[in-house]
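Down below is the structure, laid out as structure tokens.
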Amino acid sequence: RSSSSSSVIDPTHSCTSHTPRHPHSHLIPAVTHILGRLELVTGASAGSMILEVFDDNDKLVCTLNGDDSALLGSFNVEENYRIHVTDNSKKMGEFEDVSKVEKYELSEEEYSKRNESVRAFMVKNKLGKYNEEEQQKLEEQKRALEREEEEKASKITVGSRCEVKVLGEPTRRGEIMYVGKVHFKPGIWVGVKYDEPHGKNDGSIGGKRYFDAPMKYGGFTRPACCEVGDFPELSYEDDEM
């Protein structure tokens, strides 16, 4: 701007949607100076840049190319205008496509030989899976839980009435429809057709059907959350006068 000794402008680039924050000029620079600074910001070569100035309504005001020695103040540039850099030597998105970036890969054998890696530290200090004693305890606990689950499941029979209690959810009653392994998670699961539409499915998950139930009346729970017994359907008629 010819009427001021400073200008604040934001650059944009034709090859990326990212807006570089820089350069803010506190003196009226020459176009060649702007080109040099934009090289650092955009990565484009000054010789391949086309500089276009847009106002705050994104309307083209002028082009800065031509006389590189001309001062920015000699153009119709106002505060907060935008300089758009068009770089014909690059393609749109070329700076954003990380699939083209060569990646450093280390083989398993080479990584194992390193003494200052995270793995080496964990092995040295017997942490996590490298603590055999701790891993053995965890495996024993896992097997104990599996035996407990199998014992509980053996007492649950299809066709029995049940009550399901899951932490953070209301108590539900229904009929046992399935007991056994499932494809979506490990362990033994119990399929229940609830008396009310408080379930999550219709007895099928991921296209595999385990039992039939109306939508939202079916659900699966762990044996530990399911109690078999004389649980008739709840009646709410006596709760109102």
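Just so you know, residue 1 is the first one in the sequence shown, and it goes up from there. Bear in mind the structure is a predicted one, so any value in this text is a computation, not a measurement.
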> Are Lys208 and Tyr210 in a cation-pi contact, defined as NZ or CZ under 6.0 Å from the six-membered ring centre and within 45° of the axis?
Replying inline: yes
Shared hydrophobic cluster for [X] and [Y] (ILVMFWY, side-chain gaps under 4.5 Å):
X      : Y      : answer
Ile188 : Val192 : yes
Trp189 : Ile205 : yes
Tyr104 : Tyr111 : yes
Val118 : Leu106 : yes
Met49  : Phe54  : no

>> One pair to check against side chain to side chain contact (heavy atoms under 4.5 Å, CB included): Arg37 and His33. What are the steps and the verdict?
In response: CA-CA 6 Å; Arg37 296 182 70 180; His33 178 70; 3.2 Å; yes
> Can you list every side-chain hydrogen bond (donor to acceptor under 3.5 Å, both in side chains) pair that touches residues 50-63, not counting sequence neighbours?
Replying inline: Asp58-Arg82
> Going through the checks in order, is the salt bridge (Lys or Arg N to Asp or Glu O under 4.0 Å) test met by Glu132 and Lys129?
Replying inline: CA-CA 7 Å; Glu132 294 183 3; Lys129 63 181 181 180; over 6 Å; no
>> Once salt bridge (charged side-chain N to carboxylate O under 4.0 Å, His left out) is applied, what residue pairs with a partner in residues 151-163 remain, sequence neighbours excluded?
In response: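 Every pair satisfying salt bridge (charged side-chain N to carboxylate O under 4.0 Å, His left out) with a residue in residues 151-163: Lys152-Glu227, Arg161-Asp195, Glu163-Lys165, Glu163-Arg173.
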>> Could you check whether Phe211 and Tyr217 have their ring centres less than 6.0 Å apart?
In response: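 Aromatic pair excluded; centres sit 6.0 Å or further apart.
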>> Testing Lys142, Lys137, Arg143 one by one against Glu139 for a salt bridge (Lys or Arg N to Asp or Glu O under 4.0 Å), which residue passes?
In response: Arg143
